[in-house]
There are 2 protein chains.
Amino acid sequence: MTDSAVADGRRRRKPGRPKDNGDLRDVIADHAEQVFAEHGFAGARVRDIAARAGVNQALISYYFGSKRKLFDDVFRRRGRVLAGHRHVNLDALLDRGEQLAVEDIILAYLKPQWDMKYSGPGGAAFVRMQARLHAEPEEDALRLRREVYDASLHRYITVLAKNLPDIPEDIISMRMAFLVGTYLFMLNDLGRLQDLTSGHITDVGKDQMLSHLVAFLSAGLRAPV
Amino acid sequence: MTDSAVADGRRRRKPGRPKDNGDLRDVIADHAEQVFAEHGFAGARVRDIAARAGVNQALISYYFGSKRKLFDDVFRRRGRVLAGHRHVNLDALLDRGEQLAVEDIILAYLKPQWDMKYSGPGGAAFVRMQARLHAEPEEDALRLRREVYDASLHRYITVLAKNLPDIPEDIISMRMAFLVGTYLFMLNDLGRLQDLTSGHITDVGKDQMLSHLVAFLSAGLRAPV
DNA sequence: GCGTAATTTAATCATTTGTATAATAACAAG
DNA sequence: CTTGTTATTATACAAATGATTAAATTACGC
């Protein structure tokens with residue numbers, strides 16, 4: 001339901017450039033995000049994306065070249081935003097100068113993803129795309145992941161290492177990898193937490209959940225070697 | 001010479017029941033496991049599975065009915081084994097009677113999965129199948145997950161709650177959900193840990209990795225509320 | 001030995017899928 | 001007004017896909 005002024009109203013039968021030229025490219029990307037999130041790359045159907053975006057199927061070849069390029073494009077778009085926020089948050093922390101708590105650093109890393117998830121359907125879809133991409137062993141997927149995550153994750157590891165002098169940087173690296181798994185898995189669908197635990201978790205709000213997660217992960221990161 | 005029988009003189013199998021029935025059903029299941037792990041459900045091709053198993057494509061319909069049923073079947077097969085080991089491990093712990101350490105409980109839960117992963121190609125494939133299945137929002141996938149994980153996870157939560165009286169059972173449930181995400185994500189491909197951390201982790205053996213993980217998760221579980 | 005049921009194959013079917021092509025309309029430039 | 005460029009559509013296609021069919025062959029109970 002990402003607004004597409006073009007999507008519902010008009011049904012032009014004849015080909016040709018419409019009067020109100022569009023950023024149909026963005027409309028396509030938005031809907032593609034949803035479909036890829038729901039079905040994964042292999043499961044997504046180009047026809048479905050085109051239909052939901054309310055455009056002709058050929059348009060997606062026209063704008064993106066191929067299904068794979070569309071996927072990469074959509075993923076990078078959000079990925080860059082995410083990485084940007086992470087960098088900004090860490091910079092802000094470092095500017096404070098004081099000694100940082102592990103909790104603050106973890107929160108700075110997690111919060112952008114959290115906010116993105118709840119920023120709208122597109123954000124939630126991106127989280128699901130990430131979870132799926134992390135389960136793909138293919139080379140393409142690997143490159144994309146590295147491209148998106150590498151830089152900011154590395155900075156956080158360095159800062160954490162400085163704040164946890166008793167723990168070797170190797171271990172911190174490893175634990176940050178644990179962390180990525182934990183939050184992605186969970187953010188992927190909060191609702192599923194209930195399933196995993198047979199309905200025990202019901203009335204925990206998203207903010208509360210985030211702080212629970214930060215507490216859990218911070219304790220793990222600090223665990224004595 | 002349009003006779004189809006001997007066109008290529010190689011091993012052209014005539015139809016019919018083979019002398020020694022070598023349970024092709026299991027052969028198919030084994031190879032299906034691999035293919036589903038590599039490409040996910042949607043990405044897997046029935047033809048590919050049949051080809052790798054060295055059987056005719058129709059045979060998989062004959063034995064399993066459909067692609068989806070084949071997937072479920074394969075998944076359940078391993079899932080039951082896994083759940084069985086978890087139950088056994090926990091029973092053994094409880095029989096000891098003494099006060100249990102959180103580390104022991106976590107290890108009892110994780111070890112079967114670990115062992116399975118390193119028990120052979122089938123075990124490793126199953127781990128990847130799990131990671132993929134957990135990223136699927138479809139209803140089918142959800143039911144299957146519940147069916148496999150529910151019972152044993154629940155028991156572990158109860159035992160943990162008894163051993164961590166300061167932490168409400170709700171919180172333990174939530175943290176166990178975190179735990180599932182953490183270990184699945186990581187077990188999915190140990191090699192990828194290196195990617196996530198830009199090659200920082202190299203010479204950590206699988207046993208060592210397991211104890212690192214147990215330390216991390218136990219600390220997280222024990223974190224004060 | 002014989003008939004029947006079980007197992008396996010080749011061949012094919014009906015769709016689905018990603019992509020390509022040609023036509024057409026809006027718009028800009030000259 | 002003509003011409004060219006760009007955005008969009010309907011249509012089509014060749015390849016791939018999950019499933020089915022009919023026949024072939026053998027194991028096995030009687």
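Throughout, protein chains are lettered first and strands after them, A, B, ... in sequence-line order, and every chain is numbered starting at 1.
For A/Asp23 and D/dT8, the CG to P distance is 9 Å, given to the nearest whole Å. To the nearest angstrom, P of D/dT9 lies 13 Å from CD1 of A/Ile60. A straight line from CG of B/Asp48 to P of D/dG18 spans 10 Å, rounded to a whole angstrom. Between the CG atom of A/Leu70 and the C1' atom of C/dG18 there is a distance of 12 Å, rounded to whole Å. In this structure, A/Arg47 atom CZ and D/dC13 atom P are separated by 14 Å, rounded to whole Å. Taking atom OH of residue A/Tyr63 and atom C1' of nucleotide C/dA20, one finds them 18 Å apart after rounding to whole Å. A straight line from CD of B/Gln57 to C1' of C/dA14 spans 14 Å, rounded to a whole angstrom. Summarising the geometry, the separation between CZ on A/Phe71 and P on C/dT19 is reported as 14 Å, rounded to the nearest angstrom.
A donor-acceptor contact shorter than 3.5 Å links the side chain of B/Lys67 to the backbone of B/Phe41.
Using a 4.0 Å cut-off between charged nitrogen and carboxylate oxygen, A/Asp72 and A/Arg143 do not count as a salt-bridge pair. Salt-bridge check for B/Arg77 with B/Asp73: failed, with every basic side-chain N at 4.0 Å or more from each acidic carboxylate O.
Residues satisfying the side chain to side chain donor-acceptor pair (under 3.5 Å) test with B/Asp140, not counting sequence neighbours, are none.
Partner of A/Glu33 under the salt bridge (Lys or Arg N to Asp or Glu O under 4.0 Å) criterion, chosen from A/Arg78, A/Arg132, A/Arg128, A/Arg76: A/Arg78. Checked against B/Tyr156 for a side-chain contact (heavy atoms from CB on, under 4.5 Å), the options B/Leu93, B/Leu179, B/Leu90, B/Ile172 give a single hit: B/Leu90.
Note on A/Asn56: every side-chain N or O is 4.0 Å or more away from OP1 and OP2 of D/dT8. Side-chain nitrogen and oxygen atoms of A/Tyr62 include none within less than 4.0 Å of the OP1 or OP2 phosphate oxygen of D/dT9.
Set against D/dT8, D/dT21, C/dT19, the side chain of B/Ala58 has D/dT21 as its closest nucleotide.
Near DNA chain D, defined here as any heavy-atom distance below 4.0 Å, the residues from residues 30-46 of chain B are B/Ala44, B/Arg45, B/Val46, listed numerically.
The shortest non-hydrogen separation linking B/Ser119 to B/Gly123 is OG-CA, 4.1 Å.
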